[in-house]
Amino acid sequence: MNVELQINNSASPVARFVSWTPSPCRVRVTNPSGVTTATVNLTITGVSAASAGAVVFRSGAAGVFSNSLTLSIPTNGSSVPFFVAGRFGRPSVNNGDVTIQARNGATLVGSVQVMVRIRKNANSLTTGERNRFVSAFAQLNNQGLGRFTDFRDMHTFAGDLEAHGGPAFLPWHRAYLLDLERELQAIDPSVSLPYWRFDQPAPNLFTPDFIGVSDSLGTVHFSNTNPFQFWKTDGVQGVNRRPLNGWNPNTQPGPSVRTEAQTLALGAQFPAFRTMQGNPHGTAHTRWGGSISSINTAAKDPLFFLLHCNVDRLWAKWQRQNGRFNPAQAASYDSNPGNRIGHRLPDTMWPWNGITGGQRPPTAPGGTLAASPCVSAPGLQPQVQSTLDYQGLLNATSRMAFDYDDVQF
Amino acid sequence: MAKKRKVAKRPKWKKRRASPKVSARRAVSIATNERRTDEQRVAALADSPLAACENDQDLEAVLNVLRNKDESIKMRLGALESLQAASFSADAFGPYRGDYFATLRKIADDPDPELRQRVLGILMRGKDGFAQKKLLEGLKNPDKALVPPEKALQLLSYDVHAEAYSAARAIVKKPPNDDARREALRLLAADASSAPMFEKLLRDKNELREIRQISASALHALKPEKLQEHARKILLDNSDYDDIKATSLTALEQFGEDQAIGDDKALLKSVDPLSAGEAPTKYKQSARRFLGKHRP
């Protein structure tokens with residue numbers, strides 16, 4: 001007998017990625033030889049090394065997770081659904097480092113390798129995780145002419161009001177990061193965006209092998225093995241970034257940057273929380289001189305995406321702390337009808353909607369948001385409201401297949 | 001420069017990191033109160049960068065701190081950092097961006113070099129024509145220079161024009177220092193006519209290693225096929241340096257054609273020494289990864 005395990009309801013290997021958020025799965029008998037009964041009992045478990053990812057299971061969309069699951073499967077080929085999620089605190093380190101096995105008694109009848117793909121603190125990445133991320137990012141940029149050019153062009157003065165001109169600051173950047181992450185995953189599916197905890201020292205991030213080391217002039221230096229040494233934007237080589245006022249990001253948190261605790265204490269209502277756009281967000285940008293310290297050029301620096309990944313993590317953490325996933329709930333968003341276009345809940349967001357002219361910018365770089373082989377949300381032309389329920393807590397189809405290492409489902 | 005006035009000791013304030021408790025109005029009030037210490041005033045601005053955007057008067061008050069040469073440089077830099085942080089909130093700051101940039105142009109020739117450098121940087125990142133003109137003037141006439149040539153070249157790279165290329169070429173021919181030469185070469189990495197120069201620099205074993213690394217990166221953008229060609233030759237050259245071999249290997253691994261590399265037995269053999277022996281650990285790791293991919 002053989003069974004097929006479908007992760008994210010797909011038989012495709014490219015869909016074999018899970019996060020803390022439950023992924024819908026299916027199992028079915030594909031070869032019933034040797035079986036004479038109408039159903040068979042299968043035990044589904046996850047097998048991995050202690051340092052690798054780990055998964056948990058449940059049979060329905062709700063209920064308690066467990067380390068194994070016993071299911072009764074028809075032998076006529078019909079599928080039986082179940083759910084798998086990463087075990088919180090046990091993200092994968094490598095692609096496929098968890099094997100989901102199906103056993104009939106002691107007999108292995110099917111297995112697939114999956115990855116618990118989670119956004120992690122950049123300062124804690126393994127060498128392999130770091131190298132894969134840097135390599136994929138450098139390839140996305142390529143000669144300064146690659147797909148990354150669109151991401152660089154999305155974040156300029158031209159799109160300033162779309163990205164920073166109201167309460168959709170957080171939703172817009174969530175979509176922006178997700179779009180970039182999916183493009184990176186098209187190059188290497190094991191990659192997740194890491195985040196820079198700007199309220200903590202990051203000695204493993206500001207190194208020649210990772211995000212580079214600044215000299216006194218602000219020129220960033222990379223090692224000879226780091227693909228970022230070939231970084232180029234707007235036709236110009238390299239990265240300019242200089243810590244100001246004697247700050248050492250390897251040993252000190254960003255000066256005057258609000259801590260995570262202070263940010264989460266800004267208030268339980270979104271209008272209060274979104275003042276984080278000034279501090280810590282704006283303040284974290286401007287602890288530096290160089291391109292990251294101005295809207296028009298910030299996206300030229302790869303560090304910018306790690307900074308914003310932390311901003312998004314703080315929003316995710318605040319959402320969980322206060323239960324703010326429901327767009328219909330007033331406290332989850334600042335849904336003032338007077339908000340400019342692109343900042344009201346039902347509005348589609350530029351540039352993914354392709355709308356130009358009028359109140360929108362004159363061009364829309366990049367086309368629609370990248371699709372995922374694992375999920376359908378937030379759609380190719382996301383609305384502001386579609387970014388809130390990123391874990392699919394309210395509607396399972398809203399999950400976006402990303403999670404943070406310290407934000408539970 | 002403003003005199004420091006004695007105020008009541010507030011050790012807790014000095015020790016405290018940014019707090020969300022200070023209201024916007026109070027932040028501006030503290031920041032513009034000369035009876036407070038600079039530390040208190042800078043902290044108030046840093047704590048609440050959007051405070052200045054509450055109304056025209058508050059913004060003007062903070063801009064005045066930035067403009068006022070009688071204020072301490074610490075205070076003025078603090079005001080600049082706060083305004084720049086606020087500029088990341090277009091809804092709050094947008095109406096004031098014009099005033100902000102106008103103020104920056106006025107203080108671009110301030111006596112303080114750090115303030116000048118930061119102000120010119122902000123203007124150039126906004127593709128400001130005034131700042132560009134000032135920087136180019138300084139490169140042509142060092143007596144008028146607002147920043148050192150290496151900084152001017154770095155800032156000009158935010159909005160590259162033909163005139164900047166011309167200035168950079170002149171610096172490469174007659175560099176005032178190594179940093180200026182390096183920044184000139186970085187800027188020229190977008191200049192198609194400079195490709196032959198970069199080929200020559202990359203292959204010159206007497207050249208500074210950093211310059212050779214920059215040249216490899218420049219060629220990747222200008223003539224990627226030439227970089228691949230030279231990277232192969234460097235790896236085949238037993239007398240070249242390990243660090244440049246590592247850069248060459250990275251170029252081939254990241255941007256080369258897998259099929260052609262896998263078929264190139266001589267190239268793969270040339271990587272063997274880098275994967276063992278006395279090469280630094282990370283070069284060995286890089287070489288082993290390369291060989292593992294192409295010679296499984």
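A, B, ... follow the sequence lines: proteins, then strands. Residue 1 opens every chain. All heavy atoms count here, side chains included; hydrogens, waters and symmetry mates do not.
Contact of the A:T283 side chain with the B:P49 side chain is registered, since non-hydrogen atoms from C-beta on lie closer than 4.5 Å. In this structure, the side chains of A:D234 and B:Y158 stay at 4.5 Å or more apart for every pair of heavy atoms. Contact check for A:R242 versus B:Q117: side-chain heavy atoms found under the 4.5 Å cut-off. Looking only at side-chain heavy atoms (C-beta outward), A:F230 and B:L227 come within less than 4.5 Å of each other. Taking 4.5 Å as the limit, every side-chain heavy atom of A:N224 sits out of range of all side-chain heavy atoms of B:R209. Between A:K232 and B:H220 there is no side-chain heavy-atom pair separated by less than 4.5 Å.
The closest donor-acceptor contact from the side chain of B:R125 to the backbone of A:A298 lies at 3.5 Å or more, if one exists at all. A donor-acceptor contact shorter than 3.5 Å is absent between the side chain of B:Q213 and the backbone of A:H221. Checking side-chain atoms of A:Q237 against main-chain N and O of B:L187 turns up no donor-acceptor pair under 3.5 Å. Between the side chain of A:Q229 and the main chain of B:T247, no donor-acceptor pair closer than 3.5 Å is present.
For A:H343, no part lies near chain B; criterion is any non-hydrogen pair under 4.5 Å. A:T233 does not touch chain B: none of its heavy atoms, backbone or side chain, sits under 4.5 Å away. With a 4.5 Å cut-off on non-hydrogen atoms, B:L249 does not touch chain A at all. In this structure, the portions of B:A218 lying under 4.5 Å from any heavy atom of chain A include both its backbone and its side chain. Contact of A:N142 with chain B is made through backbone and side chain together, with heavy-atom distances under 4.5 Å.
Between the side chains of A:N131 and B:Q285, not a single donor N or O lies within less than 3.5 Å of an accepting N or O. Side chain to side chain, A:T219 and B:R182 meet the donor-acceptor criterion of an N or O pair below 3.5 Å. B:R118 and A:S293 form no side-chain donor-acceptor contact under 3.5 Å, judged by distance and modelled atom types alone. Side-chain contact annotation: A:H285 with B:Q84, donor-acceptor N/O pair under 3.5 Å absent.
The minimum heavy-atom distance between A:S223 and B:K282, with the atom names listed, is CB-NZ, 3.6 Å. Taking both residues in full, the closest heavy atoms of B:S157 and A:V236 are given as O-CG2, 3.2 Å, listed atom of the first, atom of the second, then distance. The two atoms that bring B:Q254 and A:S135 nearest to each other are OE1-OG, 2.8 Å, heavy atoms only.
Among A:G289, A:G166, A:G267, A:P280, the residue with the largest count of heavy-atom pairs under 4.5 Å with chain B is A:G166. Per-residue heavy-atom pair counts under 4.5 Å with chain B were compared for A:D209, A:T127, A:L145, and the maximum is reached by A:D209. Interface check for chain B: of the options A:D215, A:T225, A:N296, the most heavy-atom pairs under 4.5 Å are formed by A:T225.
Salt bridge A:R340/B:D91: absent, no basic N to carboxylate O contact under 4.0 Å.
Using non-hydrogen atoms only and a strict 4.5 Å limit, the part of residues 153-160 of chain A facing chain B consists of A:F157, A:D160.
Considering OG of B:S89 and CZ of A:F169, their distance stands at 7.0 Å, rounded to 0.5 Å. Here B:L45 contributes atom CG and A:N279 contributes atom CG; the two are 11.5 Å apart, rounded to the nearest 0.5 Å.
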